[in-house]
Each structure stands twice: as C-alpha cells, then as structure tokens.
**Student:** 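Here it is: the structure, laid out below.
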Protein chains: 2
Amino acid sequence: MINKMDKREFKNKVYGELAKTTKALANPHRMEIIDLLAQGSFPVETIAQYTGMSIANASQHLQVLKSARLVDTTRRGNFIHYHLANEKVFQTWRSLRELGIAHNAEVEKLMNDYRKGYHPLEPIAADELLKKIETGKVVLLDVRPEEEYARGHIHRALSMPIDQISKRIKELSKDKEIIAYCRGPLCVYADEAVELLTKTGFSANRMVEGFPDWQAKGYPIE
Amino acid sequence: MINKMDKREFKNKVYGELAKTTKALANPHRMEIIDLLAQGSFPVETIAQYTGMSIANASQHLQVLKSARLVDTTRRGNFIHYHLANEKVFQTWRSLRELGIAHNAEVEKLMNDYRKGYHPLEPIAADELLKKIETGKVVLLDVRPEEEYARGHIHRALSMPIDQISKRIKELSKDKEIIAYCRGPLCVYADEAVELLTKTGFSANRMVEGFPDWQAKGYPIE
DNA sequence: TACCTATTCAATAAAATAATTGAATACTTG
DNA sequence: CAAGTATTCAATTATTTTATTGAATAGGTA
C-alpha cells in the first residue's frame, strides 16, 4: 500500500509499452526479417540480401527488433548472427500472420494470384499432409537452402534446394506424388519447385505451411 | 501460369499488407480499446470515457481499427456499438499482450508496482484458481460493471461491481477466501476490490487474468 | 600490434501517424 | 417529416518513423 500511482497514468504507461513492442513488429521489412529468422540465425548481410535492403538499413531494423528484445545476437567468428529471442516471438508472428491473411482480403488475393502464376493447384495443409504421409505414396521435398535443412527438417524429407532441382530432378521417381515445402506460407521456393516439377511431368504440389509451422504443431521432425 | 508477378514486388506487397494490420494494433489507445472490446460491445462515448480520450479522437481510432477489419459495428437504437471482428483478434491481442509482458521489463515492473499500491499479495493464476474452486473454500467475485457480468461470467461467480462493494460488503462471509476478477491482467478493478476487502478483514486476492481469458481457456462459464 | 572487414552510428530529408478543434452527417424517435 | 443527438469528417499542427549516405567502431586474424 505504498504510493498509489494514478490509474490513468498507469494505463497510459502500460499500454504505451505494449504498443512499443507491437510497433517494433509493425513494419514490412521487420516482419520479413522475423519470418526469415524463424528458420534459424543469420548474419546481417544475408538478411539484407534476402530482404532486398541495404546493409545499413537492415542493421537499423535489426537494432529496432533487438531493443524490443524480439531478436538477440550471437557472434560466430567474424559474423554476428541474429535469431529470434524465443518461441513466443514466433508464436506471435504466426498469430499476426494468420490474422492478416484472414482479415485482409488483399493479402489472400496476392497469395492466390502469385501462386497461380506458377501452378494451378490448391496447396495442401500440414494436417492433410500428415495423413497422406501415412499412406506412403508421397515424397517430401525440402527446397530451402541446404544449410536450413541441416538445422532441422520434416521427418524423412529429402533436401533439394530450389536452385539445384533442375539438375537433380532425375533423382526423383514419377511413381509417387511430390510435396514440396519451404520456409512458410509466404515463402515462394515451393511454388517455383512445383512449377518445375509439373512441367517435367511429375505430380507435385506444395504444402501451405513451412518447416517452422510444422515444428510448432509438434509434427515429426529430424 | 498467367503473368508472373515479380518475387520482390510480391513480398513487398504481402508484408506491407500484413504490417498495415499490425500497425492498426500498434497504438496505446487502440490496444486499450481492443482490451475493452474483449468484454463485448460498447458505443463510442463509453469507449472514449473509459480510455480518457475525446469522442472525436476515440472515433478516429475506431475507424482505424474498423478499416483494418479488426472491429465491426452494430447499431442498437441511437447508438453504434463496436465489437471485435472475431475470436482471432482477441487471440492475437492476447499473444501480443503476453509477448509485451514477457519481453518488456518495464511492463512487468509497472504492473507489480501498481498492484502493490493496493495489496501485497501475488495474484493467483486462472489454472490455480480452477483447482482451488474444487475445494469449495473460495468465493468468486466479479467486480466488473453489472452489464458485463450479465453478458457472461465465471461459473458461480457473484456480481459485485467495484463501485458497490463498500455498501454491499456485508453480503459476504468471512469464512471463505474471496477471489476477485475483472476484465483482464491490465484491469485494476480487482486490485481495488482486494484492497477494500482486506482492509475490512476479509481474506482476499485477485486472479491475474480476466473473464475473457478464462473463457478462452475453455473453463466453466455462465 | 596493425590491418581488415562486418556491423553500427549519426545526420538529414522525406513520409506517415497522431491529437485537436469545430463543422458536417446520418440515424432514430416523436 | 422535423428535431435532436451520436458519430464522423476535415484541416491543421506536432510528433514519430523511415531511408539513405558516409563515416566510425569493434572484433578477429595475420
């Protein structure tokens, strides 16, 4: 029962602080960074390249995320690697992503239109895929960069990074349906893979979600 | 396989749209509004009063939320009532709230300091309370405005709005421990109630969460 | 220790967001 | 249909956020 803070002042401060954390998330570049960091840790240069930003700009956005404690750093040799501060950050990003997709008709339209530029199929959801795997008639293809596959991947998935598929396509059999997956629903590597595969006569489709989502659902990984 | 959109352009647009939705949330006033609307629907004037804003200002913020499709309106007689667009909005708000509390030391400190101005007890969590209820030695007190109690409340809770407690305190028995709850972890009615009750010799504490959180957990309601 | 390179900082200009006020609008109700 | 009232709009100013550039820093490596 010490000195009572004014009620309005208390609320202004609390909601103000909560808004600060949310503001750190509320930027297109920073959202793309969070989405990338859901795969693991990366140095500034990689992040800048992948998101199409200048290094200084990427660094600045990373500082914003860091001071909001959403990401953290680890030094490895000459490089500083950024990674999500913890699981809760990823959960919240998922929540915002789902909310955005559900509430913003424009997002859904963009996703559909873009995908249809590559293949006409409706992507398959993680839980459907899980059932399908049990039938044994599916091959899972992880088309992310090799290094990300190495950090963790779906149980029994084959690694075939998007920029190697055309060369290595003969390794695949046409007897089974191929399901490609990548980083997440906003990642387009899997769509590019599906286009390449169907063009070559394979029966292929993509999974909506990515590896981090699969993992978050508690489905089998390696 | 129609006209392919440029990959970078696609990403800029998608993350841009997602950020728009998030930006609609990323404001102290709007967060407080969302938190209030988690209780049900309210007209602009009530929202303005509760959040300490001018009506015009509140209306403006409500428009922002509405065009992001986070809230929706229903007309009742002369009044336009605002309510959350759906469950997902509340889920996302919870996610952001938890993230903020966990990552922003300032928020936790504010909450602790404020609470200690009223009573020294650590509030009890919903799941602990659920267990305690089974022992039968607890009385639950809903200290929100009567109308909100009427819309829905915890199973067997008594309604005693904060501004009536001092008059009606004799209705309560000192044989049982009293647990007060209100709108949520950032709502302070329950703290005020606990202060009043302990001063009068009752054994009382607050629940951390509020009714909407209790409901979201699937615990028994009426 | 000195160099090298990844990363951050600082300063500026441009763009977006917020609060405030008073006027305008759009319903309902009588 | 008229009147009254809840709500929204519009315009202005203040504040915050963002991109860009080049310089500074800091840590590892030789």
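Just so it is clear: chains get the letters A, B, ... in the order the sequence lines come, proteins before strands, and each one is counted from 1. Keep in mind that what you see is a predicted model, and the values were worked out from it rather than measured.
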**Student:** Using whole Å, report how far CD1 of A:Ile80 lies from P of D:dT25.
**Tutor:** 16 Å
**Student:** Report yes if a side-chain nitrogen or oxygen of A:Tyr82 is closer than 4.0 Å to either non-bridging phosphate oxygen (OP1 or OP2) of C:dT8; otherwise report no.
**Tutor:** yes
**Student:** Check whether any side-chain heavy atom of B:Val89 lies under 4.5 Å from a side-chain heavy atom of B:Leu37, and answer yes or no.
**Tutor:** no
**Student:** Just to be sure I understand the rule, does B:Gln60 reach a base, reach only the sugar-phosphate, or reach nothing, if contact means heavy atoms closer than 4.0 Å?
**Tutor:** base
**Student:** Name the closest nucleotide to the A:Gln63 side chain, picking from D:dC9, D:dT18, C:dT8.
**Tutor:** C:dT8
**Student:** Between A:Arg30 and A:Gly77, just flag the one whose closest nucleotide in DNA chain D comes earlier from the 5' side.
**Tutor:** A:Arg30
**Student:** Should B:Arg75 be listed as having a side-chain N or O under 4.0 Å from OP1 or OP2 of C:dA26?
**Tutor:** no
**Student:** Starting at atom CD of B:Glu45, determine the distance to atom P of D:dT8, rounded to an integer number of angstrom.
**Tutor:** 13 Å
**Student:** Measure from CG on B:Asn27 to C1' on C:dA19 and round the result to the nearest Å.
**Tutor:** 11 Å
**Student:** Which comes earlier along DNA chain D counting from the 5' end, the contact point of A:Asn78 or that of A:Ala26, where each point is its nearest nucleotide?
**Tutor:** A:Ala26
**Student:** Whole-Å distance between C:dA6 P and A:Phe42 CZ?
**Tutor:** 18 Å
**Student:** A:His61 side chain N/O closer than 4.0 Å to the phosphate oxygens (OP1, OP2) of D:dA19?
**Tutor:** yes
**Student:** Can you tell me how far P of C:dT7 sits from CE of A:Met53, to the nearest Å?
**Tutor:** 14 Å
**Student:** When you check the gap from the basic side-chain N to the acidic O, do A:Arg94 and A:Asp213 get nearer than 4.0 Å?
**Tutor:** yes
**Student:** Please give, in whole Å, the distance from C:dT17 P to B:Leu65 CG?
**Tutor:** 14 Å
**Student:** Considering only D:dT7, C:dA6, D:dT18, which nucleotide approaches the side chain of A:Phe79 most closely?
**Tutor:** C:dA6
**Student:** In whole angstrom, give the distance that lies between atom CD1 of A:Ile47 and atom P of C:dT7.
**Tutor:** 9 Å
**Student:** Is A:Asn57 close enough to D:dA19 that one of its side-chain N or O atoms is under 4.0 Å from OP1 or OP2 there?
**Tutor:** yes
**Student:** Which of these nucleotides, C:dT7, D:dT21, D:dT17, is closest to any side-chain atom of A:Lys23?
**Tutor:** D:dT17
**Student:** Nearest to the side chain of A:Val44, heavy atoms from C-beta on, is which of D:dT18, D:dC9, C:dT7?
**Tutor:** C:dT7
**Student:** Is it true that A:Glu222 and A:Arg156 make a salt bridge, defined as a side-chain N closer than 4.0 Å to a carboxylate O?
**Tutor:** no
**Student:** Does B:Glu148 pair with B:Arg151 as a salt bridge, N-O distance under 4.0 Å?
**Tutor:** no
**Student:** Distance check needed: D:dG27 C1' versus A:His81 NE2, whole Å only.
**Tutor:** 14 Å
**Student:** For A:Glu108, does the CD atom sit with more than 12 other heavy atoms under 6.0 Å from it, leaving out its own atoms?
**Tutor:** no
**Student:** Describe the nucleic acid contact of A:Arg76 in one word from base, sugar-phosphate, nothing, applying a heavy-atom distance below 4.0 Å.
**Tutor:** nothing
